[in-house]
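Okay, structure first, notes after.
What you are looking at is a predicted structure, and each value in this text was computed from that prediction instead of being measured. Each chain gets a letter, A, B and so on, in the order its sequence line appears, and its residues count up from 1. We use all heavy atoms of the structure for the numbers below, so side chains are in, but hydrogens, waters and symmetry mates are not.
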Amino acid sequence: MEMETEVSGEKQIVVLLIGPPGSGKSTFCDSVMKSSHRPWSRICQDIINNGKAGNKAQCLKMATESLKQGKSVFIDRCNLDREQRSEFIKLQLLGGGPHVQVHAVVLELSAQVCISRSVKRSGHEGNLQGGRAAAVVNKMLRSKELPKLTEGFSRILFCYNDADVENAVKTYTTLAPMDTLPSGSFGLKNPDTRSTQPGIMNFFKKVTAVPASSSIEATTPKAHENTEDVLPVSPSKLGSVVPTTLAFPSISTADFQFDIDKASDIIVETAEEFLPKLGSARLVLVDLSHGSKILSLVKAKASLKNIDSARFFTFVGDITKLHSQGGLRCNVIANAANWRLKPGGGGVNASIFKAAGPDLEAATRARANTLVPGKAVVVPLPSTCPLHNAQGITHVIHVLGPNMNPNRPDCLNNDYTKGCKILREAYTSLFEGFLSTVEDQSKLPKRNNQATASDSERNKKYKGTQDMAIASNMKSGTVDDARDGGKKRSKGWSSWALALHVIAMHPEKHENVVLESSDDIVVINDQYPKARKHVLVVARQENVDGLEDVGRENIKLVEEMHNVGMKWVKRFQDEDASLIFRLGYHSVPSMRQLHLHVISQDFESDHLKNKKHWNSFTTSFFRDSVDVLEEVKSQGRANVESEAVLKGELRCNRCRSAHPTISKLKSHIRSCSSHFPHHLLQTSRLLARPGTSN
DNA sequence: GTTCTAGAAC
DNA sequence: GTTCTAGAAC
């Protein structure tokens, strides 16, 4: 049976418009239908019932009928959440059959625009008066879920402004009846973590270049165009210059040796939970170091959860100099305190007490003497305090987290069930404390007797457990750290991870695989090449197993690896000038012994089988050799990306469109001829012969 | 890193 | 039934 002959070969489509009232759905449909050569039917829930609003069932029924008549269909209703969309996606089965594709066109215009349009419109009909329209739009946006290909769409197109909408109209208007559009997800802003981390990105651009007076706008991402910031529509606060901001260090992960992966989950989850309660206030996780693992983990996990990066982000800098050095205005900072609430120790606690001077100690003493793990105490700073007048900090919130370090009080001996509970409690207390300062500022003059300070009875209890903990430590001896998932470090590497190491130590025993060797490096073909050309330049030096082990002392080595890699690129391109390459390292390698990937960008290989493979070469997890070299020279080490990004979406390495499965992705990249993303075309990250299309 | 496999998802 | 994912073993 030839299916194709049943219906004249026309490719029908169902297009779901997705957007709140006033986003321009009906206008979109009208514009396309006005000059399209394809038969369309617009299913509009607002008028389906003889010009009056109808329901979903009526829309479905009419859509099915239109499809049977051979028309393509616009579903003109809000379709904001997944559930609302699901039945329309099934139309491809009910109505037409396999030749019907379902598309989404997402109208992500700013809430203000939608509100003002729907106010104007409803003004005419006398339906929704101004304030009510705003409330309706806001309410709807709160339940919004962006569509994903996995829901069953074959194509998704995101529009953020009038120009995007105009392009989309053109795309559908010019689509002839026999044509189809490429599948995939297009135009989604902010797809990778790079663009969601204003703090870090600004810092990398050299903070010194940011004027100290820079307002918050300068350090906030632009990506929040997309409506999450509609809540503070109450215009009362919109005028204020800087949203209230809490800067906080990661609790318990430094001296207290708490597992950073677990900690990052807890940070992201509690932040996500609190953001809605905080109005327009912001939460900023701060760390002193560039290569901070906790920052990159949190950043990646927050990005995966689509948390508004304008209101929760990470920042590299000194927490006591955020304004003067980092250009970031914060009015409240958290301190990773000790249980005695005393200066000293090291790290954040020492530097905050030092920067604040005796004022902080006195103000702290007035509120509490000690602190129980999991609790926080809010301390207002007098205006005489240097942190207050130089950095604009009005409150310090001391927090005590759980401790996993046997040399510190109250060690939990790796009891992470308890540890996680306490850490969660600690962040909750911290954010509640911050919330109380936010409320104070907007209402009452002062007064926070929040239940965060400790009472004397709990202190006694705490001292008891602490003594016991110390005693039990003496018996139990050393801590066996189960960090790193047991894969490496503590005990050593699994046997399969040693293959490169073995070759690097004795290249002469592996002549059959070694392509080239010197005192410093060996070059081999990757045993499971992920592209047409894929070789590894392996360092021979022992104990440099990954990017994280590379320091200034290895600059010569990294340079040589780069040069050898470049030589192989030249050799391959002499054979085939159309090959395009990148040279780079995996942020967290699976195999021991530092190795540079020299890989062509076709990714034409049966060995490329899963998400991890793909993302390890095409996301920020892949650190270009040129950048690594520059970072090691300038800051003594290379930045590394968290493994969390490996679980992210599958995106084309050229056009960045997203695809639901590896096989769909692979069929897309076989034919995608878009230019490579802009950042790859800079500083020779991408190596192509002149005249090649890149 | 790969391979194998169970079972979830389609 | 087939495809895809995630986890365990190596």
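- At C/dC4, one or more side-chain N or O atoms of A/Ser663 fall inside 4.0 Å of OP1 or OP2 (strictly under the cut-off).
- The separation between A/Asp606 atom CG and B/dG1 atom C1' is 17 Å, rounded to whole Å.
- The local environment of NZ in A/Lys56 is crowded, with over 12 non-hydrogen atoms from other residues, nucleotides or ligands closer than 6.0 Å.
- Taking atom NZ of A/Lys148 as the reference point, atom C1' of B/dC10 lies 17 Å away to the nearest angstrom.
- As rounded to whole Å, 13 Å separates atom P of C/dT5 from atom NZ of A/Lys647.
- Between the side chain of A/His586 and the backbone N or O of A/Ser616 there is at least one donor-acceptor pair closer than 3.5 Å.
- Dashed line: the shortest gap from a side-chain N or O of A/Ser495 to OP1 or OP2 of C/dC10 is not under 4.0 Å.
- One interatomic measurement links the two molecules: CZ of A/Phe617 to P of B/dG1, which rounds to 7 Å at whole-angstrom precision.
- Spacing between atom CG of A/Leu498 and atom P of B/dT2 amounts to 16 Å, rounded to whole angstrom units.
- A/His613 comes within 4.0 angstrom of the backbone, heavy atoms only, and of no base.
- Atom pair A/Ile662:CD1 and B/dC10:P shows a separation of 17 Å (rounding to whole Å applied).
- Between the NZ atom of A/Lys664 and the C1' atom of C/dT5 there is a distance of 14 Å, given to the nearest Å.
- Between A/Trp614 and A/Phe603, the ring planes are perpendicular. Angles over 60° get that label, and only those under 30° would be called parallel.
- Within the structure, every side-chain polar atom (N or O) of A/Lys612 is placed at least 4.0 Å from both OP1 and OP2 of B/dT2.
- In this structure, A/Lys530 reaches the sugar-phosphate backbone alone: every heavy-atom distance under 4.0 Å involves primed, P, OP1 or OP2 atoms, never a base.
- The cationic atom of A/Lys262 (NZ for Lys, CZ for Arg) lies less than 6.0 Å from the six-membered ring centre of A/Tyr416 and within 45° of the ring axis.
- Comparing atom distances between the A/Lys609 side chain and each of C/dC4, B/dT3, B/dG1 picks out B/dT3 as nearest.
- Summarising the geometry, the separation between CG on A/Leu608 and P on B/dG1 is reported as 11 Å, rounded to the nearest angstrom.
- Heavy atoms of A/Lys611 sit nowhere under 4.0 angstrom from any nucleic acid atom.
- Using cut-offs of 30° and 60° for the angle between ring planes, the A/Phe617 and A/His597 rings count as perpendicular.
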